[in-house]
Amino acid sequence: MFKLDKTPPYNRLLVACLLTLLFSFIFKEILLEKEASGDLKNNLPIDYITIEGYVVSKRINTIWIAAEPKSIGERIIGFFTSNYGSEVTIVSRHKDVDNSELFRGLKINQKVLVYGDHLKESNPGQISAYHVEVMKSD
C-alpha cells in the first residue's frame, strides 16, 4: 500500500490562507485607526455645517436625528410611518466620503454631531455627512 510520511501540502496552504486572512483583519483595523486619528478640520471642506441631535433611527446608509431622544413607542411608530416628528433630519453619507462605515457603531438615542454639506430644507430636512462624531452625555 501507499503510505504518506509527510502532511499533505494542502494543509500548509490552508494554514497559510488562514494566517493571511487573520493578518489582513489586524492590519485593516490599524489602518482605519490611522485614518480616524487624522485632523478632522483638514479633511472637511470650507463651507461645512454642523447639526447636533439624537439618533432615532438607523437604516442601511442613513440615520435619522432628532432634537430630543425618542421613546420606544415613538420609534416603532416612526419606523413604520417614516415620521419621527417635524424636527427630524435625515443624514446620509456624502458621495465624496470614502468611509463606508460612517454610521457604524452608532446607537439609538445616542447624541451625535454631524459635519455635513448644506441642509436641504425638505420635509424632513436632509443633509449629507462628511463625518459623524459621538458626543458625551451631559
Side-chain angles (χ1 to χ4, degrees):
M1 284 273 163
F2 182 68
K3 184 178 176 185
L4 291 174
D5 292 333
K6 297 181 183 179
T7 58
Y10 63 85
N11 284 347
R12 292 182 194 153
L13 180 63
L14 180 64
V15 169
C17 289
L18 290 175
L19 286 174
T20 304
L21 185 64
L22 176 69
F23 287 130
S24 68
F25 282 124
I26 292 171
F27 288 123
K28 179 182 176 187
E29 292 299 321
I30 292 171
L31 291 174
L32 286 176
E33 286 177 14
K34 282 185 179 181
E35 287 178 10
S37 66
D39 188 14
L40 176 63
K41 299 293 183 188
N42 291 337
N43 296 331
L44 293 174
I46 296 171
D47 58 346
Y48 74 92
I49 63 170
T50 59
I51 296 178
E52 186 176 309
Y54 292 88
V55 177
V56 294
S57 179
K58 285 179 62 175
R59 307 282 168 95
I60 294 173
N61 288 321
T62 59
I63 59 172
W64 297 52
I65 61 171
E68 295 293 327
K70 301 289 182 183
S71 69
I72 186 80
E74 292 172 318
R75 291 194 326 255
I76 290 172
I77 292 170
F79 180 80
F80 289 110
T81 63
S82 295
N83 184 7
Y84 294 95
S86 60
E87 76 282 353
V88 173
T89 303
I90 300 173
V91 181
S92 59
R93 183 174 58 92
H94 195 277
K95 63 180 172 137
D96 295 336
V97 175
D98 293 333
N99 186 359
S100 62
E101 299 178 354
L102 185 64
F103 304 127
R104 186 176 188 185
L106 296 179
K107 297 179 176 80
I108 300 296
N109 284 338
Q110 187 174 39
K111 193 171 187 180
V112 294
L113 182 64
V114 176
Y115 295 85
D117 62 358
H118 60 280
L119 180 65
K120 298 172 189 117
E121 295 184 14
S122 57
N123 188 15
Q126 298 179 15
I127 190 168
S128 296
Y130 297 111
H131 179 72
V132 177
E133 180 180 325
V134 176
M135 300 187 67
K136 294 181 180 178
S137 299
D138 295 335

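Computed from a predicted structure; not experimentally measured.
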Would you compute the distance between atom [atom1] of [X] and atom [atom2] of [Y] and round it to the nearest 0.5 angstrom?
X	Y	atom1	atom2	answer
Ile127	Ser92	CD1	OG	9.0 Å
Arg104	Lys58	CZ	NZ	9.5 Å
Leu19	Leu14	CG	CG	9.5 Å
Ile65	Ile51	CD1	CD1	5.5 Å

Legend entry - Under the salt bridge (charged side-chain N to carboxylate O under 4.0 Å, His left out) test, residues paired with Glu68 that sit two or more places apart: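 Applying salt bridge (charged side-chain N to carboxylate O under 4.0 Å, His left out) to Glu68 gives none.
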Inset, instruction - Please report the C-alpha distance between Thr50 and Val114 in whole Å, then the side-chain angles of each, then the deciding distance to 0.1 Å, and finally whether the side-chain contact (heavy atoms from CB on, under 4.5 Å) criterion is met. - result: CA-CA 5 Å; Thr50 59; Val114 176; over 6 Å; no
Inset, instruction - Answer whether the closest heavy-atom distance between the side chains of Trp64 and Arg59 falls below 4.5 Å. - result: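 Yes, their side chains come closer than 4.5 Å.
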Inset, instruction - State, yes or no, whether a side-chain contact exists between Val55 and Lys107 at a heavy-atom distance under 4.5 Å. - result: no
Cluster link [X] to [Y], ILVMFWY, side chain under 4.5 Å:
X	Y	result
Tyr130	Met135	yes
Leu13	Leu18	no
Val15	Leu22	yes
Ile63	Ile49	yes
Val112	Leu119	yes

Which atom pair, heavy atoms only, marks the closest approach of [X] to [Y]?
X	Y	value
His131	Leu102	CA-CD1, 3.8 Å
Leu106	Val134	CD2-CG2, 3.6 Å
Ala129	Val91	CB-CG1, 3.6 Å
Ile90	Pro124	CD1-CG, 3.6 Å
Ala66	Val56	CB-CG1, 3.8 Å

Inset, instruction - Please answer whether the main-chain N or O of Ser128 pairs with a side-chain N or O of Asp117 as donor and acceptor at a distance below 3.5 Å. - result: yes
